[in-house]
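Throughout, protein chains are lettered first and strands after them, A, B, ... in sequence-line order, and every chain is numbered starting at 1.
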Amino acid sequence: MNGMNHDISIRIDGHSVPARPGESVLDVARRAGAHVPTLCHDPRLEPAAVCRSCLVEIEGQARLQPACSFQASPGLVVRTDSPRVRKHRQVLASLYMADHRLADGLPQRSPAGSSLRGFAKAAGPLIQLHPVHSPRAGRPGDHNPYIGFDPGLCILCARCTRYCDQVHGAGAIALAERGRATTVSTNGGAGLLHSSCELCGGCVDTCPTGAMFDKKPSHHLPGQLRRVRTTCGFCGVGCQLDLNVKGGRVIKVTAPAPGQTINDGNLCVKGRFAYDFIHHQDRLTQPMLRDGDGRLRPSTWPRALERVATGLKRVQERWGSGALGFVSSSRCTSEENYLLQKLARAVFGTNNCHQCAAT
Amino acid sequence: MERKNATREQVLLLLEQAGELSPALVRQVERQTGVPEAEIWGTARFYSLLSERSAALLLCRGLTCKLAGSRQLAAHLEQRGEPYRSVSCLGQCDRAPVALDQDLLVRHGRARGAVSPDDPDLPINLAGQDDASFAALHRARQLGPSAVLDTIEASGLQGRGGAGFPAHAKWRAVRAQASPLRHVVCNADEGEPGTFKDREIALRRPYRLIEGLAIAAWTVGAGTIHIFVRGEFPRVRAGLEQAIAAVGEALSGLDFRFVAGHGAYICGEETALIQAMEGRRGTPRIKPPFPTQVGLHGQPTLVHNVETLACLPSILLRGGEWFRAQGRTEPGSKLYCVTGHVHRPGVYELPLGVTLDDLVDQAGGYVGSPRAFCPGGASSGFLPMSMRDRPLDFQGLARIGSMLGSAGVVVMNDTVNMAQAALQQSIFFEDESCGQCAPCRIGTQVLRQALARFLAEGSPGALNGLDSVSWEMEQASLCGLGMVASRPYTSARRYFPGDFQPASSPEVS
Amino acid sequence: MLGAGAMTNSVTEIRDTDLLFVIGSNTTEAHPVIAMEMKRAVRRGARLIVADPRAIWLTRIADMHMQLAPGTDVWLLNAMARVIITEGLVDSAFIQAHTSRFDAVVQAVAEYTLDRAEQVTGVPAADIRRAARSYATTSKAGIYYTLGVTEHSHGTDNVYALANLVLMTGHLGRRGAGLNPLRGQNNVQGANDAGASPVFFPGYQRVDDPEPRSRFERAWGVDLPAEPGLNLNAMFRALARRDIKGLFVMGEDPAMSEANASAVERALRACEFLVVQDIFPSLTSRHAHVVLPAACFAEKDGVFTNTDRRVQLVRKAVEPPGQARADWEILCDLARAAGYPMPHYSGPAQIYAEMAALAPRFAGISHGRIQREGGLQWPCPSPDHPGTPTLHVGGPINGRAEFKVVHYRPSAELPDGDYPLVLSTGRTLFHYNAGSQTRRDPGTVAKQPESFVQVHPDDAGPMGLTDGQRVRVISRRGAVDARLVLSRQVLPGCTWMPLHFAEASANKLTNDAGDTVTGTAEYKVCAVRIEPTPPT
C-alpha cells in the first residue's frame, strides 16, 4: 500500500481488504490471508493463468476467474472458498492426478517441486479417473549433467519456459507440440548443451512438480537435510543461496524464494551447480613445508606457522618491512581481509598489502 | 528473449516457404527473425501443416465425413495403395467423404454443395452476381462513421463466427481506443466441423467480403486489413487476392494483407488467431483485455467473421431496419450449412431463427428417419428431434445449453449411435485442444478415453466421473474450446440415455 | 571523485531504470544475475546502450551498440560530453550546487569533435550523438561498467570521463540514476572496505592521515607505518627487482592471474620466502616455501560485501577437509606465532565488531543485525541507521564533486608489423577466474572444455587460419596455444581470449603496464600475432 492515495478496497470472503487498482486479486487475497492455491504462478513472471488452480468466484462474472491475472477494481467481491470453487479444485486436482499419477512417493526434487502434491492434498478426496497417457516427449538423449526433464511429471504450467524467456532471456526451452502432446522442448529436442541454455537451473527452482530436476547425484548420505543460507562465492552480485547439506556434504544448491533477497530467487550456472570443488579430492588438506631437497612435504600446523612467522620475521629483520608483501584476497571474507591487513601493518609494519583484484 | 526489433510475425511464413521442418531450418529462421530457436521450433510444431509435411493424402475424420463413409474411402485408398493420414475436419463437409492432396486441393469428394437460389432480396445472396461497384462503401463515406455505427446498431447485426456478440459494440470499442494504429482482421479460419459457409462467401461473393472489410476499416479508422485464411483453403486465398488485384484503383489507400493459417482449429478463436498472426503458438489469451483494446501487436483490433463482414454492404445500401427485418427470431438472414443425413447438403440463406425442419426442407428432406442434430457444429453438442421446432438462433439455443455457433447443422438418422457420435466429436476436440490449460488438455483426453472404453467394453462404469470432468471443463477452461468440448458427451448422454446403457447398439457406419 | 569507489545504486533499482548505459561490461557472462535485472528493465521498455569492442550478448537486445576500438573509451566519452555541453543538455543547477571545475572540462572536451571521435573510435558520429542525447535527456539513466573500463593503463581516466558525464547531467543520487562499477569478485568490495589496500585502513581512511592512524595505533597497540605501501602491480615489479624478498599470498594465484604472468612466475620462483594459503594447489603454490590449507566459503563464517555495498553473511555449512582451517583462524595463530598479541576472537562476528568500531562507514553494521535484517548497505554509521541503498542522495557524500579533465592516451602497447592484432582478455559465463573451482565441475567443463581465441574472419582468412584449428597466440611476453574460433563478435584487427585456462594462460600474453593511479594492469589491450600451432 505504501500509503498511496489511490488505495481502493475490495471484498474477499466477506472481509474488506485494501488494494491498489490493477493489483492482482491473488496478491490482495494472499495479503489478506486467504488461501488461493497456485501452480503456474511465479511473481517474476507475467501471469499465464493456465494451471487454473487459482480460479475464484467474482461477483458479476459468469465464469470462475483466475486470481493471478484478474485485476482489483473498486468494490470487487471475491469468494475464494465457495462450494463452487471447492468443487472446481477437487475436479481439477483429480484431472492432474489422472495425467500425472503423482503418488505420495514423488521425490521432492526441488523446493517448489511439491506444490502439485500439496494442491491435490488440500483439494480433498479426489475423483478416481482412469489414467490418461499424454504422449509428452522428453529428451532422453540429453547428456547435460545438471538439468533433467521428466515429462511424466510435467503439468505444462510453462513456468520453466517463461522463466527461460522472461527472466534469463536464454530462450533455450519453449512449449512445443499441441494438445495432449504438448511438451517442453529445445530446438528439435536437442540436449541442453547444444542449445542456448546457460544451465542456470532457474527452470528447476520454479518447477512446481519436480519435472525439471537437478541431475547431480545426491549421494545417498545419512542424516537430515539441512539448508544453510549463505552468500555465493563467485562474482560480486552477492546472490543469496541455500547450501543443502546432508551427511556433512553439500549435495545441492537452491535459490531462496523470489522476492526475499537481492537475487530475487535467481542464480547462475556457477552459483547453482559449480559446487563440486568443495569436496574435491584435489583440496589442500594439510600444511606443507618445502624441505632441504626442495620438495613440499606434509607437516603440522604448529611447525608450519612457526616456519611462516620466522621466515617473514627473518626477511623483515634483514631487509626491513618494505621487503615484505602481503597479497590479500577478494575471495576471502571481510574479516579475513581485515586480519591480513592488520597482520601486515601491526605485526610486520608494512603497508605493502593489497587485495588481488584492485579494480 | 527475442532480439531487438525481431520480426516474429515472419516466422510462420518463412517456415512455410522453406519446406521440411528441421533444427537447421529453425536456426536459419532464428537468424532471419531474431526469435530464439526453441520458440520457433515450438511454434512450428503447434501447427499441423508445418510439422507434418508428407506426400500422404489428408483424409477427413470429421463427423460428417464419417456419416458419409470416410471408412469406405479409407479402404478404397488402401486398396489403391494411396498413402493417407487421418486429420481433423477439413471444412469440406458438403463434399463428404473427403480427402485432400498435398496441395490441399480436393482429391476425393463429391460435388460442391448447393446454395440458396439467386434472390436479390437476400442480404448475402451467394448465388447472385458479385459486383465490384463499392456502392455501399461510397454510401458509408457519405454517411460518416457515426451514422454508419448507428446503422449497424439498428441492423442488430450479431457476430456470425459463433458468439453472436453485437457488432456495433465491438466497432465502438475499437473507435474509443486512443491508439492511432488500429487493425481490422477478417477471420476466414473457418474450421468448425459441419461449416463451410465462409468458404462459399469468399469463393462466390469476394467483393461482398472485401467491401465489408473496407467499410469496417474506414469506420473504425484502421490502417491495415488482415485476412486470415484457413491453411486448408488455398483457393479461397487465391480468389480473394485476384479479386483485390482486379479492382486496383477502387481500393487504393487500403492496405490488405493476407495471413495463412497453418492447421489449427483453435486459431478460429480470435485471440489465438492474433497469436498466430504474430508468429506465435495459437494459444488463446486471457480476456480481458479484449482484442478491441489490446489486439494485434498490442493495438486495438476489430476481428470479424467473414459472414459478419459480408452482411455489411446490404445493410449500408438498404438500411439497418431492412436487415433486421430479414430475421425471424433475431435480426437478419443467416447462412446455415447443413450436412449429414439430408438429401442436398449445402449452404442456405434463411431468416435467422428458422427451425431444423425449415432448413432441411430447403436441403431436400431427411435421409432416413432423423434422430439427432448438431445445430452449430461440434461445439453445440447434439439435440434430439424433439427440438426440431426450436428456432435455430443465438439466444434460444444458448438457453438450452447448446449454441448456434457457426450454424453448421449436422443431421443424424436412426442408424447412428449417439455414444459413437459423441466419441467422434471428442476425438476432434482432443486433437484440436491447444493444450494450454489443464481442464481442456486433460479433460478432452479423459472424455475420449472413457467413451472409447465404454464402446469397446459396454460397461457404463467406464463413464464414472465424466459428469464432474465435463462440469470442470465448462467452468474452468481458459477459452471457448474447452468450455464446449464436453458438450457432445453431456448432450448425448442427456438426450439419448439409451445409447449409454450396457450392450450398446452397433457402431455407426 | 565522488567519494566512494562503489556502485551508487542498488542492483534492485536496475529494473526501474529507464536508460542503461553499459560500457566495458559483458554483464550476461560476468554478472549473470545483474544481467537478468537489465533484461527485465529492457522488457519493461528501458533503453539499453552498449559500448563495447565486442558484440556481446546484450547488444542483441540493445537499442544501440557503439562498437569502439579497444582503448578509445576516453575519445568516445569526451565526445559524448561535448555533445551534451554544446547542445545545452547539462544540468546547470546540479553543476552549480554540487560540483567544481566544470569549466575546465568544457574547455578540455572542446577538441573531441564527433568527426574525429568517429575516426578514432570507429563509432559513427551519429550514434555518439544519439547516445549522448539519450543519456542526457533521460532522468533515470544509470551507467554500468566493469573491467572493460578499468583494466587499461588509462583505466582511471576512463572512470573520470564517465563520472564527468554523470556530474554534468546530474544523473546522481536518485533511484536508477548513477555510476555503477560492477565488482568482479564476491568480496572485492569487502576486501577494499576492510583495508586490504596499500593506501587505506578499513573504511577508506588514509594511512598517511595522522588522525585515523593514531586511532588504529591505539586500538592495535603498536606504531603503524605512515607511508602508503605498494599496490599489487608495483609489488610484483618490486618482487621481480628482488626488492621484495618475502611474500605472503592468501587466496590468490598471481602466477595465473597477474598480467605478464611469465615474468610474475619467474619472480615468484626467485622469491626468498613465499607463503601460499589457499584451497587448491596452484601455479603459485608450486613455488611456495610453505603452503597452508584453507577453508572455502562453505566452511566458514563471515561476511562478503557485494557490488552494491551490501554486507551479507557467509555461513558455515560443512567442515573443512582434513586439517584445513578458516583463513581467519590461521591468520590469528600466525600473528601470535610472530609475537603479536592478537585477541582470541570468539569468531568472525567479533572481528567484524572490532573493524566496525574503527570505521565510521560500517559502525552500524554487525553480524547480529544482518542475521536479523538481511544484508545492510553501507554507509551505515549507527545501529539504528537503515543502510544506504542509493548513494549521494541530496548531493555527493564528500560535499562538492570535482570534474576531472582527462585526455586520451593510447594504450601502452599498440599493434605493429610484428604483432598486428589487439588482444583483449576476459571472463566467460561458465568459468571463474583461474578456473580452480569451475574447471572441477562436469557441466561447466562440458559447456566450455578448453581455451579459445576469437578472431575475425577478415583476419583469419589472409592468414590461412580456419575455424577450430589449434593456434599459437604470441605476444612480446609469451605464447600460448588455444583453439581458434572464427567470430564476428570481435572487430577486424581484434582478438579475444578467456582468462580461465591455466594450460593456456592468457596472462602470459597480457601487458603489465599499470594504471597510473590504481596500478591495475592493461588486461584489455596488448599486441599479439597468431600462427598455426607447430606439430609436436
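Neither the backbone nor the side chain of His143(A) comes within less than 4.5 Å of any heavy atom of chain C. Neither the backbone nor the side chain of Val276(C) comes within contact range of chain A; no heavy atom of the residue lies under 4.5 Å from a heavy atom of that chain. With a 4.5 angstrom heavy-atom cutoff, Ile278(A) touches chain C via backbone and side-chain atoms both. Proximity to chain A is limited to the backbone of His287(C), based on heavy atoms less than 4.5 angstrom apart. Both the backbone and the side chain of Val327(A) have a heavy atom closer than 4.5 Å to some heavy atom of chain C. With a threshold of 4.5 angstrom between heavy atoms, Ile61(C) does not approach chain A through any atom at all. Heavy atoms of Asp242(A) lying under 4.5 Å from chain C are absent altogether. For chain A, the nearby parts of Tyr352(C) are the backbone and the side chain; heavy atoms of each come within less than 4.5 Å. Using a 4.5 Å cut-off between heavy atoms, Asn231(C) contacts chain A through both its backbone and its side chain. Only the side chain of Lys300(C) comes within contact range of chain A, judged by heavy atoms closer than 4.5 Å. Heavy-atom distances place no part of Leu182(C) under 4.5 Å from chain A, backbone and side chain included. With a threshold of 4.5 angstrom between heavy atoms, Arg213(C) does not approach chain A through any atom at all. Contact of Ala326(C) with chain A is made through backbone and side chain together, with heavy-atom distances under 4.5 Å. With a threshold of 4.5 angstrom between heavy atoms, Glu46(A) approaches chain C through side-chain atoms but not through N, CA, C or O. Heavy atoms closer than 4.5 Å to chain A are found in both the backbone and the side chain of Val291(C). Contact of Asn233(C) with chain A is not made at all, since no heavy-atom distance falls under 4.5 Å. Residue contact with chain C, scored on non-hydrogen atoms closer than 4.5 Å, involves the side chain of Phe348(A) exclusively. Both the backbone and the side chain of Met355(C) come within contact range of chain A, each with at least one heavy atom under 4.5 Å from a heavy atom of that chain. Only the backbone of Ser285(C) comes within less than 4.5 Å of a heavy atom in chain A; its side chain stays farther off. Contact of Gln350(C) with chain A is not made at all, since no heavy-atom distance falls under 4.5 Å. Using a 4.5 Å cut-off between heavy atoms, Asn266(A) touches chain C through backbone and side chain atoms alike. Both the backbone and the side chain of Leu193(A) come within contact range of chain C, each with at least one heavy atom under 4.5 Å from a heavy atom of that chain.
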Before you tell me yes or no, could you show the steps for Arg40(C) and Asp264(A) under side-chain contact (heavy atoms from CB on, under 4.5 Å), namely the whole-Å CA-CA distance, both residues' side-chain angles and the distance that decides it to 0.1 Å? CA-CA 12 Å; Arg40(C) 188 192 302 236; Asp264(A) 200 14; 2.8 Å; yes
List the steps and the verdict of side-chain contact (heavy atoms from CB on, under 4.5 Å) for Val318(C) and Val228(A). CA-CA 9 Å; Val318(C) 292; Val228(A) 181; over 6 Å; no
Output, in order, the C-alpha distance, side-chain angles, deciding distance and verdict of side-chain contact (heavy atoms from CB on, under 4.5 Å) for Phe280(C) and His280(A). CA-CA 9 Å; Phe280(C) 284 110; His280(A) 200 279; 4.0 Å; yes
Test side-chain contact (heavy atoms from CB on, under 4.5 Å) applied to Glu319(C) and Arg249(A), step by step: CA-CA 9 Å; Glu319(C) 291 298 327; Arg249(A) 289 177 72 97; over 6 Å; no
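Note on Leu192(A), Leu324(A), Leu340(A), Val308(A): by heavy-atom pairs under 4.5 Å with chain C, the leading option is Val308(A). For chain C, the option among Arg307(A), Gln166(A), Glu306(A) with the highest count of heavy-atom pairs below 4.5 Å is Gln166(A). Here Ser334(A) is the residue among Gly322(A), Ser334(A), Cys232(A) with the most heavy-atom pairs under 4.5 Å with chain C. Contact tally against chain A (heavy-atom pairs below 4.5 Å) for Ala317(C), Pro228(C), Gly374(C), Ala298(C): the top residue is Ala317(C). The residue among Val207(C), Asp253(C), Thr12(C), Val11(C) with the most heavy atom pairs within less than 4.5 Å of chain A is Val207(C). Comparing Thr146(C), Asp278(C), Asp193(C) by how many heavy-atom pairs each has under 4.5 Å with chain A, the most go to Asp278(C). Heavy-atom pairs under 4.5 Å with chain C peak, among Cys197(A), Cys200(A), Ser299(A), at Cys197(A). The candidate from Leu267(A), Asp282(A), Leu199(A) with the greatest count of non-hydrogen atom pairs under 4.5 Å with chain C is Asp282(A). When Arg283(A), Met288(A), Gln341(A), Lys313(A) are compared by the number of non-hydrogen pairs under 4.5 Å with chain C, Arg283(A) comes out ahead.
The closest donor-acceptor contact from the side chain of Lys39(C) to the backbone of Val167(A) lies at 3.5 Å or more, if one exists at all. Remark: the backbone N or O of Thr230(A) is not paired with any side-chain donor or acceptor of Gln312(C) at under 3.5 angstrom. Judged purely by atom type and a 3.5 angstrom limit, Glu335(A) uses its side chain to pair as donor or acceptor with the backbone of Val303(C). In this structure, the side chain of Asp441(C) engages the main chain of Asp276(A) through a donor-acceptor pair within 3.5 Å. Side chain of Asn352(A) to main chain of Leu230(C): a donor-acceptor pair is present (N/O by atom type, distance under 3.5 Å, no hydrogens or angles). Listed for the Lys245(C) side chain is no donor-acceptor partner under 3.5 Å among the backbone atoms of Trp319(A). Side chain of Asn351(A) to backbone of Pro225(C): a donor-acceptor contact under 3.5 angstrom is found. At distances below 3.5 Å, not a single donor-acceptor pair connects side-chain atoms of Gln355(A) with backbone N or O atoms of Ala196(C). Using modelled atom types, one side-chain atom of Tyr432(C) and one backbone atom of Phe234(A) make a donor-acceptor pair closer than 3.5 Å. Looking at Asn306(C), its side chain does come within 3.5 Å of a backbone N or O of Val237(A) through a donor-acceptor pair.
Salt-bridge check for Glu217(C) with Arg345(A): failed, with every basic side-chain N at 4.0 Å or more from each acidic carboxylate O.
The heavy-atom pair separating Arg286(C) from Arg290(A) by the smallest distance is O-NH2, 2.7 Å. Nearest heavy-atom pair, Tyr146(A) versus Gly443(C), reported as atom, atom and distance to 0.1 Å: OH-N, 3.0 Å. When all heavy atoms are compared, the tightest approach of Ile262(A) to Arg310(C) is CD1-NE, 3.5 Å. Scanning all heavy atoms of the two residues, the minimum distance from Cys268(A) to Val33(C) falls at N-CG2, 4.0 Å. Arg315(C) and Arg229(A) make their closest contact through NH1-O, 2.9 Å (heavy atoms, listed as atom of the first residue, atom of the second, distance). The minimum heavy-atom distance linking Ala191(C) with Ser329(A) is given by the pair CB-O, 4.1 Å.
Residues meeting the side chain to side chain donor-acceptor pair (under 3.5 Å) test with Gln323(C), sequence neighbours left out: none. Applying the side chain to side chain donor-acceptor pair (under 3.5 Å) criterion to Gln277(C), with sequence neighbours excluded, gives Asp327(C).
Arg331(A) and Asn187(C) share no donor-acceptor pair across their side chains, judged by distance under 3.5 Å alone.
Note: Tyr338(A) and Trp220(C) have perpendicular aromatic rings, judged against thresholds of 30 and 60 degrees for the angle between ring planes.
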